[in-house]
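Note sheet for the following structure.
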2 protein chains.
Amino acid sequence: MFSIGELSKQAKVKIPTIRYYESIGLLAPAERTEGNQRRYTAEGLERLGFIKHARELGFSVESISSLIELQEHPDRSCYEATELAETQLRAVRAKIRQLRSLEQELARISTGCSGDDVSENCYVLSALANHNLCNKDH
Amino acid sequence: MFSIGELSKQAKVKIPTIRYYESIGLLAPAERTEGNQRRYTAEGLERLGFIKHARELGFSVESISSLIELQEHPDRSCYEATELAETQLRAVRAKIRQLRSLEQELARISTGCSGDDVSENCYVLSALANHNLCNKDH
DNA sequence: TATAATATCTCTAGCGACTAGAGGTTCAAG
DNA sequence: CTTGAACCTCTAGTCGCTAGAGATATTATA
Ligand SMILES: [Zn+2]
Ligand SMILES: [Zn+2]
Ligand SMILES: [Zn+2]
Ligand SMILES: [Zn+2]
């Protein structure tokens, strides 16, 4: 049994974040000492690790909630888990595509002015004012 | 002189967003009719177009504020504008790198299970529980 | 001109996923 | 038993909007 501070250190998740997860029901309410302080077991650490990892991979709290549900019922079909992972993968890929398009435009805009002119003649400013100067959608 | 609804249609920016921009000082307060409704000119449309385009390229509202400042002083050096654009470009590139790393892991995790097993044996769930199974940092 | 339909007004609250701070209590070391 | 670090709850703030309530203004038609 260890404190929230210990858990925080072990899992590398900030204390307020742990309390937040509990408050929204992502973590089960921790046991408490007589003085009302939270106490955790290795299981809690594992749970938090799962959450942390999934968050780092970009899953929403809602998705993680479903994943944990599944984990708690080892006999259920894992169909939903793979669905969620694939959805997440698609979302990441879409985001990458969009950012790449932004990157192109920003690179073009950035190199269009060396920064030693007056703002009236600045290509950066006119490019921002004028989407027609862009090559792609974004 | 046209209404906020017209402006919204022309600029393809939602009405509450226009009011929001005004409320945070990104758009100058619009002129008003006797009955207190906002009225805009072509200049307002241009301004909003600038903001919209910059937002689409990922600039923060704060950065856009600085860019507009610059635009309003055509004689000033445009150094800050290029700086902001380059910073933004770097941020986008960093984000892309991070997302690519996520993509790799997610692709691996996704293909690890076809979704027709029970959750106990699901590779998706165990991979999420275990960062050690990952190849890269993220 | 009267009425009705549509548009606009302000204000407040909500989203997601935290983060920070105030003000008070409990724990553990010495 | 004292001290100081760690913990507690609660509220509010972050960013960039978005949605809704309830009131008022404008516009089009009869
Ligand atoms: Zn320039
Ligand atoms: Zn553009
Ligand atoms: Zn599976
Ligand atoms: Zn990992």
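Chain identifiers are assigned alphabetically (A, B, ...) following the order of the sequence lines, protein sequences preceding nucleic acid strands; residue numbering begins at 1 within each chain.
- Distance alone, capped at 3.5 Å, is enough to place a donor-acceptor pair between the A:Arg55 side chain and the A:Phe59 backbone.
- Here B:Arg38 reaches the OP1 or OP2 of C:dC9: one of its side-chain N or O atoms lies under 4.0 Å away.
- In this pair, B:His131 and A:His53 present their aromatic rings perpendicular. The plane angle is above 60°, beyond the 30 to 60° band.
- In this structure, A:Ser3 reaches the D:dC7 phosphate: one of its side-chain N or O atoms is under 4.0 Å from OP1 or OP2.
- Along DNA chain C, the nucleotide nearest A:Tyr20 and the nucleotide nearest A:Gln37 are compared for position; the residue whose nucleotide lies closer to the 5' end is A:Tyr20.
- Rounded to whole angstrom, the span from the CD atom of B:Glu62 across to the C1' atom of D:dG16 amounts to 13 Å.
- Across all strands, B:Ile24 comes closer than 4.0 Å to no nucleic acid atom at all (heavy-atom distances).
- For B:Thr17 and D:dC17, the shortest distance from a side-chain N or O to OP1 or OP2 is not below 4.0 Å.
- The residue B:Arg19 sits close to a base: some heavy atom pair falls under 4.0 Å.
- Atom CD1 of A:Ile18 and atom P of D:dC7 are 9 Å apart (whole Å).
- Backbone-only engagement by A:Tyr21 is indicated by non-hydrogen atom pairs under 4.0 Å involving sugar-phosphate atoms exclusively.
- When the C1' atom of C:dT25 is taken as reference, atom CD1 of A:Ile4 falls 15 Å away, rounded to whole Å.
- To the nearest angstrom, P of D:dA6 lies 13 Å from CZ of A:Arg39.
- Note on B:Thr33: every side-chain N or O is 4.0 Å or more away from OP1 and OP2 of D:dA25.
- Separation of atoms CD1 (A:Ile68) and CG (A:Leu26) is listed at 4.5 Å; rounding is to 0.5 Å.
- Between A:Met1 and A:Tyr40, every side-chain heavy-atom pair lies at or beyond the 4.5 Å cut-off.
- Checked for salt-bridge contact, B:Glu31 and B:Arg38 miss the test: no charged N lies under 4.0 Å from a carboxylate O.
- Side-chain contact check for B:Ser63 and B:Ser66: no donor-acceptor pair (N or O, by modelled atom type) lies under 3.5 Å.
- The distance from atom OH of B:Tyr40 to atom C1' of C:dC9 is 12 Å, rounded to the nearest whole Å.
- With respect to B:Arg108 and B:Glu105, a salt bridge is recorded, a charged nitrogen being found less than 4.0 Å from a carboxylate O.
- B:Thr111 contributes a side-chain N or O that, together with a main-chain N or O of B:Ala107, makes up a donor-acceptor pair within less than 3.5 Å.
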Worksheet item: What pattern of brackets, bars and dots sums up DNA chain D from 5' to 3', given Watson-Crick or G-U wobble pairs under 3.5 Å, [ ] for crossing pairs and | for another strand?
Response: ||||||||||||||||||||||||||||||
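- What separates CZ of B:Phe59 from C1' of D:dC15 is a distance of 17 Å, to the nearest Å.
- Comparing C:dT10, D:dG16, D:dC8 by their nearest atom to the side chain of B:Ser60 picks out D:dG16.
- Between B:Lys9 and B:Arg32, the residue anchored nearer the 5' end of DNA chain C, judged by the nucleotide with its closest heavy atom, is B:Lys9.
- Look at CD on B:Glu22: it is 18 Å from P on D:dG16, rounded to the nearest Å.
- Atom CZ of A:Arg55 and atom P of C:dG16 are 12 Å apart (whole Å).
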